[in-house]
Structures are given as C-alpha cells and as structure tokens.
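Just below is one structure, and these are the notes that go with it.
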2 protein chains.
Amino acid sequence: MKNYSRQREAILNVLRSTDTHPTASRIYEMVQQSLPNISLGTVYRNLSALSKSGEILSLDVGDGFEHFDGDISSHAHLHCRSCGCITDMPLKGELIFSAVQEYGFSPDTLSCVVYGICKDCNQN
Amino acid sequence: MKNYSRQREAILNVLRSTDTHPTASRIYEMVQQSLPNISLGTVYRNLSALSKSGEILSLDVGDGFEHFDGDISSHAHLHCRSCGCITDMPLKGELIFSAVQEYGFSPDTLSCVVYGICKDCNQN
DNA sequence: CCCCAAATCAGTAATGATTACTATTTTATT
DNA sequence: AATAAAATAGTAATCATTACTGATTTGGGG
C-alpha cells in the first residue's frame, strides 16, 4: 500500500486533472472540495514532498507565487505578461542537457520559461 | 544627460562587473562600498526599474531569492542543488522562439534554468 | 481486537524577502 | 536663488511560505 495519506492523494489528483499551473493556495481551494477540513500547511508540506520526490514539478515564473505542475514530461512554459496565464509547449531537453554536460554539470531538471504576450491577449 | 541617479549608476556598475548572479541584499552590500548611506529600498526600487526597462535581467531559480544579471545576452543558467551556485552557458534562443510563435505567442525574454550538480560539487 | 510507535494532520504563530509609505534631499530648469 | 518634480533614506507594513504543537491517523505485531 502506498504510504500516501488521503490528503496527499487528493493534492496529486487535483494536479493531474488540470493543465493549469496552480499556486499552493489555489490548490488548497480545489482540494477543499473533497476534503473540507484540510489545512493550508498540509498542502504546502505535501507539495514540497511531492516536488522533492519528483512526482510533480515546481515552477517559478517570477510573479511572486510558486506554481505547481502535475505533468513532469519535458516541456517549456509560456508565461503571458499581460494576463499571467501559463501554457505548455513541448520541448526536447536533450540538446540542452548534452551541452550542459560539457560544463561538468550533471543535470536533472530543466525549467524553461518564455515571457511575452499570449495569443488571446494579442488579439485584444 | 542620463536621468540616472548616482545610486542607479552604482547598482548597474556592480551588476556589470560580476559574472555572479547576486540577490538584492548582496547587491546592497556591494553598493555600500561606494555609497555607504544607500538604503535597501533604493536598491530594490532601482533593480525593479532596471529590470522593467530591460537593462538587467531578473532570475528566479526557486531558492526563495530573486537574482539579478547584468548580462542580457542570450544564455541559460545552471543552478547547482548542492552549493547553490549559478553559472552561465551560451544558448541560442532562436529555436525556442520560433517554436513559440506557432502558438500565437509573442516572446520577449527567455529564461532557461538547468538544475543539477555543478562540476566542483561533483568532484567533492 | 487492542496496543504502540511513527507518521501525518489541523490550526496557529513566526519568518523574512519584498513592497509601501513619508518626510527629506537632490536634481533640473528658469 | 526659487521652484517643482524626482529620487532618496529610513521605517513600517505586507503576505507567501515555513515552523511549531498538541491531537489524530496509520500500520504492524501480538
């Protein structure tokens, strides 16, 4: 049996059933629908544990909030300076990873954030 | 005449004469050597202005601190999980930028952070 | 089924990087 | 020199995140 608490399962479920990149407090709100008594500290603690174990990704786009991503496949993030949205884009990390190794650096994770204006904001 | 204050000039000089990626409070310490009475708020305000105007880069590696970079040429950052150092690596952004545009996204800045273990930490 | 120890929790308090505020000083122009 | 606008030093406030504490849950024997 997995050594997961109900709380941790619920957090993981929330993250795996969205393609948004919610913050801790947004995740807190979403998990409250199935576990009304969960505490914010529990959300933070489990997000930290899941991130450390590699089951989820932590993402920092410089807006003052830590964002989380249940999709750990290799992809880049497009962050809109206007509306703040974060969208995914496939990205092969091999090229960058091999270049990195020439520096004696052993890579484990790649975080690629492109800043700009998203499609919707461009049209409005 | 540039509408730069002495304080802003000093901050820019500090950033352009190092290849480290200092935090605001480290920059504060460094600038104090030439301007002992500068205040931390002034450092933050000018870093924010310089970053907005594109003269410097703001960099977030997820260690809880905002880092700043006086080198605005296209390059990736290698962040060591062991010692916390940040080193530069040349990176052509064209490939990623052109892919991004297929999403209707207008890119202006690319932030690429590779996490792992640096050369020195690998040897110790 | 019951006990126990380890893990996790809910709730709250503390932390600390960053931002906001205010009275003063500097700067640019006339 | 006078004036108005901009920037500053110093301090107070903000708020996302982390730490803490006593209670609850969990799993493994006996």
Side-chain angles (χ1 to χ4, degrees), chain A residues 1-15 20-53 55-69 79 81 84 86 111 113, chain B residues 1-15 20-53 55-69 79 81 84 86 111 113:
Chain A
M1 190 174 296
K2 310 282 283 186
N3 62 347
Y4 280 8
S5 64
R6 280 175 303 125
Q7 287 86 345
R8 184 174 297 191
E9 291 276 15
I11 290 168
L12 204 47
N13 279 340
V14 159
L15 270 174
T20 65
H21 304 75
T23 63
S25 70
R26 182 80 190 100
I27 293 167
Y28 175 52
E29 290 171 9
M30 295 166 90
V31 174
Q32 276 182 315
Q33 299 190 0
S34 57
L35 297 174
N37 292 327
I38 196 170
S39 83
L40 184 56
T42 296
V43 173
Y44 271 105
R45 184 165 22 78
N46 280 295
L47 285 172
S48 172
L50 288 167
S51 176
K52 274 206 187 75
S53 72
E55 290 164 280
I56 65 174
L57 286 181
S58 165
L59 170 64
D60 215 317
V61 297
D63 63 354
F65 304 92
E66 191 172 7
H67 295 258
F68 296 91
D69 193 341
H79 176 54
R81 292 190 191 276
I86 303 173
S111 171
V113 181
Chain B
M1 190 175 299
K2 310 282 282 189
N3 62 348
Y4 280 6
S5 63
R6 279 175 304 127
Q7 288 86 345
R8 182 173 298 191
E9 290 277 15
I11 289 167
L12 204 47
N13 278 340
V14 159
L15 270 173
T20 66
H21 303 75
T23 63
S25 70
R26 181 81 188 98
I27 292 168
Y28 175 52
E29 290 172 8
M30 295 165 90
V31 173
Q32 276 182 317
Q33 298 190 1
S34 59
L35 297 174
N37 292 327
I38 196 171
S39 83
L40 185 55
T42 296
V43 173
Y44 272 105
R45 183 165 24 77
N46 280 294
L47 286 172
S48 172
L50 288 167
S51 177
K52 273 207 189 78
S53 72
E55 288 164 282
I56 65 174
L57 286 180
S58 165
L59 171 64
D60 216 318
V61 296
D63 63 354
F65 304 91
E66 190 171 7
H67 295 258
F68 297 90
D69 193 341
H79 177 52
R81 291 193 192 277
I86 303 173
S111 171
V113 181

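Each chain gets a letter, A, B and so on, in the order its sequence line appears, and its residues count up from 1.
Between F68(B) and I27(B) the shortest side-chain heavy-atom distance falls below 4.5 Å. Put simply, the side chain of L47(B) reaches to within 4.5 Å of the side chain of L15(B), judged on heavy atoms. Looking at heavy atoms from C-beta onward, I56(A) lies out of side-chain contact with D69(A) at the 4.5 angstrom threshold.
Atom-to-atom, CD1 of I38(B) to P of dT26(C) comes out at 14 Å; the value is rounded to the nearest Å. Here dA7(C) presents its P atom at 15 Å from CG of N46(A), a figure rounded to the nearest Å. Taking atom CG on L47(A) and atom P on dC9(C), their separation rounds to 11 Å, with Å as the unit. Atom pair L35(B):CG and dG10(D):P shows a separation of 12 Å (rounding to whole Å applied). Taking atom CG of D63(B) as the reference point, atom C1' of dG16(C) lies 14 Å away to the nearest angstrom. In this structure, R8(A) places its CZ atom 10 Å from C1' of dA7(C), rounding to the nearest Å.
For S5(A) and dC9(C), the shortest distance from a side-chain N or O to OP1 or OP2 is below 4.0 Å. An OP1 or OP2 oxygen of dT25(C) is reached within less than 4.0 angstrom by no side-chain nitrogen or oxygen of N37(B). Taking only side-chain nitrogens and oxygens, Q7(A) comes nearer than 4.0 Å to OP1 or OP2 of dA10(C).
For the salt bridge (Lys or Arg N to Asp or Glu O under 4.0 Å) test, no residue two or more places apart in sequence or in another chain qualifies with R6(B). In this structure, the salt bridge (Lys or Arg N to Asp or Glu O under 4.0 Å) partners of R26(A), at least two apart in sequence or on a different chain, are E29(A).
You'll find that the side chain of S39(B) is closest to dG10(D), out of dC9(C), dG11(C), dG10(D).
If you check the side chains of T42(A) and R45(A), you find a donor sitting under 3.5 Å from an acceptor.
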Can you build the contact string for nucleotides 14-25 of chain D? Use B for base contact, S for sugar-phosphate-only contact, and - for no protein heavy atom under 4.0 Å. --SSB-------
